[in-house]
There are 2 protein chains.
Amino acid sequence: MSFYDTTEQTRRDKILHAALKLFYAKGYFKTSVHEIREQADVSIGLLYRYFKNKEELAKTIYSDLQQETIDTFESIVAEHETASDCAKAIITFYFELAESYPEIIDFIVFARHKEIMPLGEPICSVGPPEIIQEMLAKAMENGEVRRMHPAVAAASLFGSTIRLIQFRLGGLLTEPLPTFVDQVFETAWDSIAVKP
Amino acid sequence: MSFYDTTEQTRRDKILHAALKLFYAKGYFKTSVHEIREQADVSIGLLYRYFKNKEELAKTIYSDLQQETIDTFESIVAEHETASDCAKAIITFYFELAESYPEIIDFIVFARHKEIMPLGEPICSVGPPEIIQEMLAKAMENGEVRRMHPAVAAASLFGSTIRLIQFRLGGLLTEPLPTFVDQVFETAWDSIAVKP
DNA sequence: AAAGGTAAAGTGAATGTTCATTCTGCTATA
DNA sequence: TATAGCAGAATGAACATTCACTTTACCTTT
């Protein structure tokens, strides 16, 4: 199943989509399992057949989304020669996703996972930030990016993107995000690129 | 009362400090009023004399912190001539606060206020982001900063700072933040400054 | 300065509600 | 008619909140 695609197939998928929507609208803790049940048009019994409990439902959403994001990033990295092309593709991806599926971005980037899944062994040890930092480390090797702490480079390159999404989701920005792709990209890239 | 100062005076302050600590450690929803009561060494009855309910307790913390942040920003803006000086002072302030009082930064910047206080008329209509955007708009007028959407400028200038704090609080960065003040400032400032 | 009075500060057992979760039994299909 | 899949009333634990009561602090009067 893919979260980027709302054509629901199985009842299990319906539950996952309904849960994610409600988590976005009201927050994980304010969403009751019965609301999820209702929105997914499914009985509680069935819901509990598919998912051990509410937390496992959230975990499933999280790990599915995490995996989809990792796949996306990896294919972006694979399909672009330069770090600068990667960066632009990632910003574009983020902005488009934020407009089409704010609930996904919100859950991946802004949700408080440790609060929701307290005993969580990290579902997957290498997350999107690590992929990005690795890509940037390579770009430093080959002289495309200035040498600096990889975390600082990652924050400089995508911090503004993420902050702008936060503004947008919070209603502090009314224009659609894709309007700003070029501007944000150039500004951010400039800040870490090796000067000519 | 000031949150930047832990010498607790009144019992009311003790409650607020205890609550903020617990909210940071476990999250708002996972913190029970009885835990706050215990940590503050106060009876439940007294807690409910001071605060109508758990939500109002959170609201009080939020608006107090919001006000302290606004005051800080306004005095920074007042005390510095150029936008660049302001920016550096704000980054320094953020980084130092994040090291000394992570719970404060976390609650101001990363907490999901709408989840916690759903029916919230905005406690105060002009928040820190607006102050920053206003400062940047002026800096665009006088030619210190390139002309662009104020939200984009704000995101470009402080997005990396905030993202780096997020890394640090999340354990993805082990070095203390103040180490990076200069580097982050120069990188961020460069990205929005008018080129010479 | 002692007694009396009263408002504020404080207590914690008891209450009631909200939910996650369970589990018995129903229904449709083979 | 057997059984896998499903429904939803019932359960019970966790928790926020209340309330009837006690103690303290501080006046006021004699």
Side-chain angles (χ1 to χ4, degrees), chain A residues 1 8-64 107 111-120 123, chain B residues 1 7-64 107 111-120:
Chain A
M1 99 93 109
E8 278 139 25
Q9 309 105 25
T10 68
R11 307 235 242 171
R12 188 170 176 279
D13 290 354
K14 260 182 126 172
I15 294 169
L16 290 168
H17 274 108
L20 180 60
K21 270 222 169 103
L22 285 165
F23 292 167
Y24 177 57
K26 327 183 37 177
Y28 174 81
F29 292 102
K30 291 256 183 197
T31 300
S32 79
V33 175
H34 285 269
E35 283 174 289
I36 298 171
R37 178 211 74 77
E38 193 181 349
Q39 171 97 20
D41 191 27
V42 139
S43 71
I44 327 181
L46 186 64
L47 193 153
Y48 274 92
R49 173 170 302 288
Y50 286 127
F51 305 99
K52 198 173 111 248
N53 52 36
K54 190 181 174 186
E55 187 181 326
E56 206 199 69
L57 179 49
K59 262 190 202 153
T60 304
I61 295 174
Y62 181 60
S63 64
D64 284 9
F107 200 79
R112 320 205 88 199
H113 304 116
K114 281 176 196 154
E115 231 166 284
I116 295 173
M117 319 162 211
L119 307 173
I123 285 161
Chain B
M1 101 93 118
T7 33
E8 279 142 24
Q9 309 104 28
T10 69
R11 308 242 234 170
R12 188 171 175 278
D13 290 353
K14 262 181 125 171
I15 295 169
L16 291 168
H17 274 109
L20 179 60
K21 269 221 170 104
L22 286 165
F23 292 167
Y24 176 57
K26 325 183 40 176
Y28 174 82
F29 292 102
K30 292 257 180 194
T31 300
S32 80
V33 176
H34 284 269
E35 284 174 288
I36 299 172
R37 177 211 76 76
E38 193 180 350
Q39 170 98 21
D41 190 27
V42 141
S43 71
I44 328 179
L46 186 65
L47 192 152
Y48 275 92
R49 173 172 299 292
Y50 286 127
F51 305 98
K52 198 171 114 249
N53 52 35
K54 190 181 173 187
E55 187 181 326
E56 207 198 71
L57 179 49
K59 262 190 201 152
T60 304
I61 294 174
Y62 181 59
S63 63
D64 283 10
F107 200 78
R112 320 205 86 201
H113 304 114
K114 280 175 194 153
E115 252 167 68
I116 296 173
M117 319 162 212
L119 308 171

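Sequence lines set the chain letters: A, B, ... in the order given, protein chains first and strands last, and positions in each chain run from 1.
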Student check: side-chain heavy atoms of A/Arg11 and A/Leu46 closer than 4.5 Å: yes
Flag side-chain contact, heavy atom, 4.5 Å: B/Gln39 against B/Thr31: no
Toward the 5' end of DNA chain C, by each residue's nearest nucleotide, A/Lys54 or B/Arg49: B/Arg49
Short side-chain N/O contact to C/dG10 OP1/OP2 from B/Tyr50, under 4.0 Å: yes
Between C/dA14 (P) and B/Tyr48 (OH): distance, integer Å: 18 Å
Nucleotide C/dT18, atom C1' - distance to NZ of A/Lys26 in whole Å: 13 Å
Sugar-phosphate, base or nothing in reach of A/Ile44, heavy atoms under 4.0 Å: base
More than 12 heavy atoms of other groups within 6.0 Å of A/Glu38 CD: no
Distance, rounded to the nearest Å, where A/Glu56 contributes CD and C/dT21 contributes P: 10 Å
5' to 3' contact window, DNA chain D with chain A (heavy-atom distance under 4.0 Å): D/dC6 to D/dA9
Whole angstrom value for the distance that separates C1' of C/dT22 from CG of A/Leu47: 13 Å
Between C/dA20 (P) and A/Leu57 (CG): distance, integer Å: 11 Å
B/Glu55 CD to C/dT18 P, straight-line distance once rounded to whole Å: 15 Å
Touch class at under 4.0 angstrom, heavy-atom based, for B/Arg11 against every strand present: sugar-phosphate
Ring-face cation of B/Lys59 near B/Phe51 (centre distance under 6.0 Å, axis angle within 45°): no
A/Leu46 CG to C/dA20 P, straight-line distance once rounded to whole Å: 17 Å
A/Ile36 vs A/Leu57 side-chain heavy atoms within contact, under 4.5 Å: yes
For A/His113 against A/Phe107, the heavy-atom pair lying closest together: NE2-O, 2.8 Å
Which residue lies more 5' along DNA chain C, comparing A/Lys30 with B/His34 via nearest heavy atoms: B/His34
Heavy-atom side-chain contact between A/Phe23 and A/Ile61 under 4.5 Å: yes
